[in-house]
Amino acid sequence: MKTWSWIAIGIGTGILVGVISIGVWGELGQRAKGNEQRGGATPISFVQHATSSMAGSTGEEVDEMAVTPTQTFVDDAFAAKEALSVSSGARILLIPHHLVAAKQIASLLTSVHAPKRVILLTPDHLGVGKGVVTIGDATIAIGDQQVRGDAKIASRISSAVSGSAISTPSISKELAMQALIPFVQRAWPNATIIPVIVHANQIAAGSDARDHLRVQLAQIITSLLNEDQETMLVASVDFSHYLPAFVADFHDELATDVVSSLSDREADRVELDNPDVLAVALKTARTLGLGDVTIHAHTNSLRLLQSTLSNESTSHVIASFAPGVIAPERKTTILFLGDVMLDRTVRTRMQKSKVLDFPFDQIEGQEDRFFKGQDLVVANLEGPVTSQRLPPEKSIDFAFDPSVVPLLKKVGIDAVSQANNHSLDQGRTGADDSRAAIKKGGIAVFGDQVRDEASSSLAVVESRGVRIALLGFNDSDRPVDREKASAAITEAKSKADRVVVMMHWGSEYQLNPNARQTDLAHWLVDQGVDAVIGGHPHWMESVEQYKGRFIAYSLGNFVFDQDWSAETQEGLAIGLVIDSTSTEAYLYPIHIGASEPRVLTGDARTARLERLASASDPFMRDGILNGMIRVNREEEKR
């Protein structure tokens, strides 16, 4: 049996309910009691009820099929609902099926005009359906409730979608339907419900066949909505899964951008439970011209529960779609990682490890979600990828086996900088071999140890229609040629919409940048780049805001074997969100244990953010301690 985070508290698959009841639920019960004494509403009682109805007190795992909320649970959610401002022309709603957000679900459903017919579109989580799309056509039994279907509409959908099937019994087994139908029926008791579940995992992601399925389903739903203005599409997906809330927040930046712009073709870029459901909903909205998108709530299970005992969350987006002008996508999201070194002791550990994705498996998390949900993942690759190894000419000499390239690609790294003091460790031939191997492996490469001209320093990568220029310069063992660097920046600005520089610079094992780093960072901003991200010191260094641009002087290590000191085993990953008016920087302190990075949470994370704040400009302190810094482009450094 599995426990299902989307119905309980978002803490992941396989955790025993007995453990939960001792830890999280005890904490939540105390907080719920405190809220009741203060007269405040709380979603915690919803979750307590769900837990008591899903599991006994003996510590058995949650029955994966027993997730239907009772009438009392639904009543509590509707009693706590709030009135939302929803356009009278709204035809599509987006809700979660994670019942930690029960209050938000009830609030949206009751804030719109009651439809006569509802198409309820959800994932098929367990593959219980009889086809890639399964439709219910008769009366459906959900718990002790009977839900009226529509055989004629079900038949039309089935006829229009290849590989679909009609199976009402399958619908009653689907977890999201069990969770949501009682809410839909309570909000709109006179509506006919046409349930549709999607399970297209057997069709290759990004394939023509997968896209064709989405087009067919969206077309028939569009036709049904066009024919009857009293028909509403309610689509349900849960967004970021199994990650700390602050990581989910960064992933949701891309998700909400895709939702707001009706970018159905970008649904596969979003970190969520079912991209097909989201793609169909957005494609339908786009065809109907429902560009007035309102995100009424963006929540996270751990924050709703006020929990500090779990690090795995589920995020929710509650939205409505009404007629209006369709907005363009506005944001670019890039995750930057520090120094990645895959030789020496790291290589030995890789060879001994039986874990396929070592050394990235711990930070990938459940379902490998950490490296998903952003436009790009970029790292500094601290050495050449080459099969040749020359007699060393210096005491520290690196060469990475070519097998690391498919590993980097598999875990989700999109681009690497070779602008560092080790890219020439195996000579110019080794450096050229490295660039060729990295490119052949489908990863963009930029930067060089000694060459600063655009042909070596620049790579332009496109994501969601936005061109992103990545520039790499090394100033650690020789000075950057500013004339060539300036020309490269000018070329980058002419070819791209965003320009970010990765620098290799500074003095090793320092918390603060030296004067040369600061001068060079400010010079780069003066040249017109959007952000500067640094490395080489092997320590996390301070962050800065200068002329409305974000600067991180050093991310420190990400994968390394410098186990001999505490500070070299602590790094920083940064998620940048860049748009036309601002840059947001999400801060992820990491710990590297035996070369394996993992994201820090709780007190350990707080301590690292405090250390970063102590080294940085005082006016940035609050943002750093909150884990997210916002820099407005018009705002000058104070």
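Just so you know, residue 1 is the first one in the sequence shown, and it goes up from there. As a basis for the values below, the full set of heavy atoms in this structure was taken, side chains included, without hydrogen atoms, waters or symmetry mates.
- Side-chain atoms of Glu364 and Val411, non-hydrogen and from C-beta on, do get closer than 4.5 Å to each other.
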Pair Val559-Phe360, side chain to side chain contact (heavy atoms under 4.5 Å, CB included): steps then yes or no: CA-CA 8 Å; Val559 173; Phe360 301 101; 3.8 Å; yes
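- No side-chain heavy atom of Gln517 sits under 4.5 Å from any side-chain heavy atom of Asp475.
- Surrounding CD of Gln351 are more than 12 heavy atoms belonging to other residues, nucleotides or ligands, all under 6.0 Å away.
- Contact record, Ala573 with Leu337: CB-CD2, 4.1 Å, taken as the closest heavy-atom pair.
- The number of heavy atoms from other shown groups lying within 6.0 Å of CZ (Arg349) is above 12.
- Shown are Lys493, Arg498, Arg633, Lys547; of these, the salt bridge (Lys or Arg N to Asp or Glu O under 4.0 Å) with Asp530 is made only by Arg633.
- The line from CG of Leu555 to NE2 of His538 is 13.0 Å long, rounded to the nearest 0.5 Å.
- A salt bridge links Glu329 and Arg464; the closest N-O separation between the charged side-chain nitrogens and carboxylate oxygens is under 4.0 Å.
- Residues Lys394 and Asp425 are paired through a salt bridge, judged by an N-O separation under 4.0 Å between the basic side chain and the carboxylate.
- Salt-bridge annotation for Arg330 and Asp257: absent, with no side-chain N of the basic residue lying under 4.0 Å from a carboxylate O of the acidic one.
- Ring geometry, His251 versus Phe370: the interplanar angle falls from 30° to 60°, so the pair is classed tilted.
- Scanning both residues, Leu407 and Leu356, for their nearest heavy atoms gives CD1-O, 4.2 Å.
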Worked verdict on Arg303 versus Asp249 for side chain to side chain contact (heavy atoms under 4.5 Å, CB included): CA-CA 11 Å; Arg303 294 200 180 95; Asp249 290 343; 2.6 Å; yes
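- Scanning both residues, Arg516 and Val480, for their nearest heavy atoms gives NH2-N, 3.9 Å.
- Contacts classified as salt bridge (charged side-chain N to carboxylate O under 4.0 Å, His left out) and involving residues 595-608 (residues at least two apart or in different chains) are given here: Glu567-Arg608.
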From CA spacing to verdict: side-chain hydrogen bond (donor to acceptor under 3.5 Å, both in side chains), Asp339, His536: CA-CA 7 Å; Asp339 296 344; His536 174 65; 5.8 Å; no
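- Judged as a side-chain contact (heavy atoms from CB on, under 4.5 Å), and not counting sequence neighbours, the contacts of Leu625 are Leu609, Glu610, Ala613, Arg621.
- Phe239 is linked by a ring pair (Phe, Tyr, Trp, His ring centres under 6.0 Å) to nothing, counting only residues two or more places apart in sequence or in another chain.
- Under 4.0 Å is where a charged nitrogen must lie from a carboxylate oxygen, and between Asp526 and Arg549 no such pair does.
- For Trp523 and Phe473, the ring centers sit 6.0 Å or farther from each other.
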side-chain hydrogen bond (donor to acceptor under 3.5 Å, both in side chains) between Ser315 and Asp252, worked out: CA-CA 8 Å; Ser315 60; Asp252 288 349; 2.8 Å; yes
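- When all heavy atoms of Ser542 and Ala615 are compared, the closest pair comes out as CB-O, 3.3 Å.
- Each of Leu458, Leu471, Val499, Val460 was evaluated against Glu491; a single residue qualifies, Leu458, per the side-chain contact (heavy atoms from CB on, under 4.5 Å) test.
- Between the side chains of Ser565 and Thr568, at least one donor N or O lies within less than 3.5 Å of an accepting N or O.
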Side chain to side chain contact (heavy atoms under 4.5 Å, CB included) between Arg478 and Gln449, intermediate numbers included: CA-CA 9 Å; Arg478 37 77 69 178; Gln449 186 166 340; 5.6 Å; no
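- Shown here are the side-chain contact (heavy atoms from CB on, under 4.5 Å) partners of Arg389, two or more places apart in sequence or in another chain: Asp343, Asp397, Ala399, Gln426.
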Derivation and outcome, side chain to side chain contact (heavy atoms under 4.5 Å, CB included), residues Ile629 and Ile624: CA-CA 6 Å; Ile629 302 165; Ile624 292 171; 3.6 Å; yes
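- Atom CG of Asp563 sits about 9.0 Å away from atom CD1 of Ile592, to the nearest 0.5 Å.
- In this structure, Phe250 and Tyr586 have tilted ring planes: the angle between them lies in the 30° to 60° band.
- Salt-bridge formation is not detected for the pair Asp579/Lys331: no Lys NZ or Arg NE/NH1/NH2 atom is positioned less than 4.0 Å from an Asp or Glu carboxylate oxygen.
- With rounding to the nearest 0.5 Å, the separation of CD in Gln418 from CD in Glu382 is 9.5 Å.
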Asn300 vs Ser313, side-chain hydrogen bond (donor to acceptor under 3.5 Å, both in side chains): CA-CA, chis, key distance, verdict: CA-CA 7 Å; Asn300 184 280; Ser313 70; 3.0 Å; yes
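- A search for ring pair (Phe, Tyr, Trp, His ring centres under 6.0 Å) contacts involving Phe358 returns nothing, not counting sequence neighbours.
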Derivation and outcome, salt bridge (Lys or Arg N to Asp or Glu O under 4.0 Å), residues Arg269 and Asp414: CA-CA 13 Å; Arg269 304 298 299 272; Asp414 301 293; 5.8 Å; no
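- Contact annotation: the side chain of His316 approaches that of Ser301 to within less than 4.5 Å [non-hydrogen atoms, C-beta and beyond].
- Residues Asp497 and Ile468 have side chains not in contact (no heavy-atom distance under 4.5 Å, counting atoms from C-beta outward).
- Nearest approach of Leu381 to Asn420, heavy atoms of both residues: O-ND2, 2.9 Å.
- Smallest separation of non-hydrogen atoms from Ile590 and Asn557: CD1-O, 3.6 Å.
- Between Tyr588 and Phe246, the ring planes are tilted. Angles from 30° to 60° get that label.
- Residues meeting the salt bridge (charged side-chain N to carboxylate O under 4.0 Å, His left out) test with Lys440, sequence neighbours left out: none.
- Under the 4.0 Å criterion applied to side-chain N and carboxylate O atoms, Glu271 and Arg369 are assigned as salt-bridge partners.
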Residue pair Thr601, Asn311: steps toward the side-chain hydrogen bond (donor to acceptor under 3.5 Å, both in side chains) verdict: CA-CA 7 Å; Thr601 58; Asn311 296 322; 3.1 Å; yes
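- Ion pairing between a basic and an acidic side chain is recognised when a charged N comes within 4.0 Å of a carboxylate O; Arg630 and Glu584 show such pairing.
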